[in-house]
S.K.: 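One structure follows; several queries about it will come next.
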Amino acid sequence: MSRDHDISRRLRRGPAARWGALALVAPLAGCAVGPNFVTPPAPVAANWREAHVPSIKTNRENYRKWWAVYRDPTLDRLVELAYEQNLTLMEAGARVIKARASLGIAIGEFFPQTQQLNGAADYMQPSRTDATSNPYNTLSRQFWRVNLGGQVAWELDFWGKFRRGVESADAAYLATIATYDDVLVTLIGDVASTYIAIRTSQQQIAIARDNVVKQKQALALAQARFKGGATSELDPLQAENVLAQTQSTIPQLTAELQKQENALRVLLGMTPDSLDGLLTRSKGIPSASANVAVGIPAELLRRRPDIRAAELKAAAQSAQVGIAEADLYPAFSLGGVLGTLASSTNGHSLNQLFSPQSITFAFSPSFSWPILNYGQITNNVRVQDAELQALLINYQNTVLKAQREVEDGLSSVVQGRQQVAYLKRSVTAASQALVIALQQYQLGSRDFTTVLTAEQNLYQAQNNLAVAQGNVSIGLTTTYRALGGGWQIREGHDFVNAATRAEMRARTNWGDVLPPADQPQPAAPGLPSPSDIGPTVRAPQW
């Protein structure tokens, strides 16, 4: 027997059977109005502009722990602490749990929307002078009336309104996961960049102090020659001027270093405590190998969390168009009431509440159709569709921005390395020039201006080299962050830590949405995409 014939046979059994079968079949057999989401074409370049550079490799990498290229144990530890303690990431994790619960609300909308038990006990005294106040025609002046029952109302999902709601909520839930991953990628990049900036500032301070030592030696030489009558007081005064200027950079650099350490503490979720215990494990500006594996631009579409989040937000909004469009059509509902009613009148008693004679019920199929809505529903569909179009454009713009960020990082690395090579030559030359200038000044064949110029050139060259080396490492960090790696470290972990989970469960019954730490957690996809959106009809989340 075919499925359609079987349904027809059941519909012929009688009114109750027909409506019961319709209640079961209609929500699943109905269509789903509105557009089905299609990812828009993304503007992606065929290759990177720096792909011709020998050190830029286009082989594919997963960038799971890209910061390991620096081979710096301190940085490794900082990333671990940030993942465990960063409050912004914890907030993003809590929003994933919120979206998970919101999905449960949308799933529940598919089932009977109203189901409630009712009960009442009334002690009544009707008026003897008003017949309308004595509808029970009782001779008793006072009596009890008790009723107990329940009612159900179910708007059937003929047009896919509730299924689109599940689809939208599921996409929104996945978008919060992608947003969490994006926060994690950004966090790791910020930790690495801030750490490199700290090491750069420390290097600059060390350079300044080293030059202070050199300039004090030059000052002592100038003072000795002045006391010996070989020169005027101009030489020691000029030496003191250059020395004080170099010394003045140390407080400025120290203040900048303290700001960077403060920023790192926030990233680590720490109070303003000393970082010495964390930063003493290694020294110097982190540097990586010359080769940088960047893959091809098209790989950003599957690897960047913010691109996936933009895509999923558009998918969620696409379903909202269908939800709005469903309001253009009539809504069909089934309602019913079943209960018992008893009173202590006309020889009856409350003990009959559960007797067959006291049972009362009603079955109420209905429909509603807002035909005169003055264009409100139609314009709401237009509003939702315009928002969808904006999100589709935002997705394409996100893809473009992602490619720009990678290109910016690669440019900083490629050009920065050339700058470092030139500055190393500059530092070597300036160092040799200072040695020669001091020798010639001591012999009296050069004036002190030559020494001062050599000192300033050396300090400037060394400081510029330190900044350039730091910029190369920060550029490499920018590149890896723009490539979208690092979110993989959250795989196998939940979005909130054990302490947060315990706090939330102590406050609210979270059920299976947020089970205890010793129980299996709800499965989460890797980097989510629209293909991870689940079925639109599924069991409720209790």
Side-chain angles (χ1 to χ4, degrees), residues 39-72 75 181-182 185-186 188-193 195-197 199-200 203 284-308 310-311 395-429 461 464-488 527:
T39 302
V44 179
N47 215 331
W48 306 112
R49 294 179 59 187
E50 292 79 8
H52 64 281
V53 178
S55 61
I56 304 301
K57 306 299 181 182
T58 56
N59 53 297
R60 179 178 298 181
E61 298 283 346
N62 63 13
Y63 309 102
R64 180 182 179 89
K65 296 183 68 174
W66 56 262
W67 54 95
V69 301
Y70 293 114
R71 300 178 301 278
D72 190 316
L75 179 56
D181 292 340
D182 186 45
V185 169
T186 301
I188 295 171
D190 288 346
V191 169
S193 296
Y195 174 68
I196 293 169
R199 292 306 193 198
T200 302
Q203 183 77 357
I285 302 173
S287 61
S289 59
N291 294 332
V292 182
V294 295
I296 59 175
E299 292 176 354
L300 294 179
L301 302 182
R302 65 173 182 81
R303 195 170 53 225
R304 285 263 305 212
D306 59 336
I307 292 177
R308 287 291 179 85
E311 183 181 14
Y395 166 77
Q396 295 173 321
N397 196 32
T398 303
V399 174
L400 282 179
K401 289 181 178 178
Q403 293 173 90
R404 185 208 69 191
E405 291 173 2
V406 176
E407 291 284 5
D408 288 348
L410 288 175
S411 177
S412 297
V413 172
V414 173
Q415 302 303 321
R417 283 175 172 171
Q418 293 184 15
Q419 182 186 23
V420 167
Y422 291 132
L423 286 172
K424 285 181 177 179
R425 291 167 54 187
S426 174
V427 168
T428 300
N464 289 344
L465 176 59
V467 172
Q469 289 173 329
N471 287 341
V472 169
S473 294
I474 290 177
L476 188 58
T477 294
T478 300
T479 301
Y480 283 124
R481 173 166 54 184
L483 290 170
W487 60 265
Q488 297 92 333
L527 185 59

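Numbers for residues simply follow the sequence, beginning at 1.
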S.K.: Quick one: does P286's side chain get under 4.5 Å of R199's, heavy atoms only?
M.R.: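 The answer is yes; the side chains approach within 4.5 Å.
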
S.K.: Quick one, T200 and Q469 - any side-chain contact, counting heavy atoms below 4.5 Å?
M.R.: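 SC-SC contact between T200 and Q469 ruled out.
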
S.K.: Got V191 and W67 here, is their nearest side-chain heavy-atom distance under 4.5 Å?
M.R.: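 They are not in contact (no side-chain heavy atoms under 4.5 Å apart), so the answer is no.
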
S.K.: Can you run down the ring-ring contact (aromatic ring centres under 6.0 Å, His included) pairs that involve residues 465-487, sequence neighbours left out, and say none if there aren't any?
M.R.: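 Matches after skipping sequence neighbours: Y63-Y480, W66-Y480.
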
S.K.: Would you give the length of the straight line joining atom CZ of R304 to atom CG of D182, rounded to the nearest 0.5 angstrom?
M.R.: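 Separation between the atoms: 7.0 Å.
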
S.K.: Closest heavy-atom contact between S289 and R71?
M.R.: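 Heavy-atom minimum between the residues: N-NH1, 4.2 Å.
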
S.K.: Is it true that the side chains of T39 and Y395 contain a donor and an acceptor less than 3.5 Å apart?
M.R.: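 Their side chains do not contain a donor-acceptor pair, so the 3.5 Å distance test is not met.
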
S.K.: What heavy-atom pair brings T477 and A192 nearest, and what distance separates the two atoms?
M.R.: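 The answer is CG2-CB, 3.8 Å.
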
S.K.: So, do Q403 and V399 sit near enough that their side-chain heavy atoms are less than 4.5 Å apart?
M.R.: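 In contact.
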
S.K.: Donor-acceptor pair, S193 side chain versus G189 backbone, under 3.5 Å?
M.R.: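 Answer holds: yes.
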
S.K.: To the nearest 0.5 Å, what is the distance between NZ (K401) and CD1 (I307)?
M.R.: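 Here the rounded value is 12.0 Å.
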
S.K.: Go through I296 and E299 one step at a time and tell me if the side chain to side chain contact (heavy atoms under 4.5 Å, CB included) criterion holds.
M.R.: CA-CA 6 Å; I296 59 175; E299 292 176 354; 3.8 Å; yes

S.K.: Which atom pair, heavy atoms only, marks the closest approach of V185 to G485?
M.R.: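 Between these two residues, the closest heavy atoms are CG2-O, 3.6 Å.
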
S.K.: Should D190 and R481 count as an ion pair when the cut-off is N to O under 4.0 Å?
M.R.: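 A salt bridge is present here (some side-chain N lies under 4.0 Å from a carboxylate O).
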
S.K.: Between the side chain of R303 and the main-chain N/O of L483, is any donor-acceptor distance below 3.5 Å?
M.R.: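 Indeed, once roles are kept as given, a pair shorter than 3.5 Å links the two residues.
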
S.K.: To the nearest 0.5 Å, what is the distance between CG on N464 and CG on N471?
M.R.: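 N464 CG to N471 CG: 10.5 Å, rounded to 0.5 Å.
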
S.K.: Would E407 and E50 count as a side chain to side chain contact (heavy atoms under 4.5 Å, CB included) if you check the C-alpha gap in whole Å, the side-chain angles of each, and the deciding distance to 0.1 Å?
M.R.: CA-CA 8 Å; E407 291 284 5; E50 292 79 8; 2.5 Å; yes

S.K.: Rounded at 0.5 Å granularity, tell me how far CG in L410 sits from CD in Q415.
M.R.: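 Rounded to the nearest 0.5 Å, the CG-CD separation comes to 11.0 Å.
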
S.K.: What is the distance from atom NZ of K65 to atom CD1 of I188, rounded to the nearest 0.5 Å?
M.R.: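 Between atom NZ of K65 and atom CD1 of I188 there are 9.5 Å.
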
S.K.: Compare every heavy atom of P40 with every heavy atom of Q396, then report the nearest pair and how far apart it is.
M.R.: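 Closest heavy-atom pair between Q396 and P40: NE2-CB, 4.0 Å.
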
S.K.: Evaluate the side-chain proximity of L527 to R302: yes if any heavy-atom separation is below 4.5 Å, no if none is.
M.R.: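 Of all side-chain heavy-atom pairs linking L527 with R302, none is under 4.5 Å.
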
S.K.: With a sphere of 6.0 Å drawn around CZ of R425, does it hold more than 12 non-hydrogen atoms of other residues, nucleotides or ligands?
M.R.: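 It does not: R425 CZ has 12 such atoms or fewer within range.
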
S.K.: Let me see the working for L476 and V292 under side chain to side chain contact (heavy atoms under 4.5 Å, CB included), right down to the final yes or no.
M.R.: CA-CA 8 Å; L476 188 58; V292 182; 3.6 Å; yes

S.K.: Using the test side-chain contact (heavy atoms from CB on, under 4.5 Å), find all partners of N291 that sit at least two apart in sequence or belong to another chain.
M.R.: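 Per chain and number, N291 pairs via side-chain contact (heavy atoms from CB on, under 4.5 Å) with S55, K57.
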
S.K.: What closest approach, in Å, do I285 and G470 show between heavy atoms, and which atom pair accounts for it?
M.R.: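 The pair with the smallest heavy-atom distance is CG2-CA, 3.9 Å.
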
S.K.: With the side chain counted from C-beta on, respond yes when T479 and V294 share a heavy-atom pair under 4.5 Å apart, and no when they do not.
M.R.: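 T479 reaches V294 side chain to side chain.
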
S.K.: Give me the atom names and distance for the closest heavy-atom approach of S287 to S473.
M.R.: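 What the structure gives for the nearest pair is CA-OG, 4.0 Å.
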
S.K.: I want to check something: taking the side chain as every heavy atom from C-beta on, are E405 and T478 in contact at a cut-off of under 4.5 Å?
M.R.: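 They are not in side-chain contact.
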
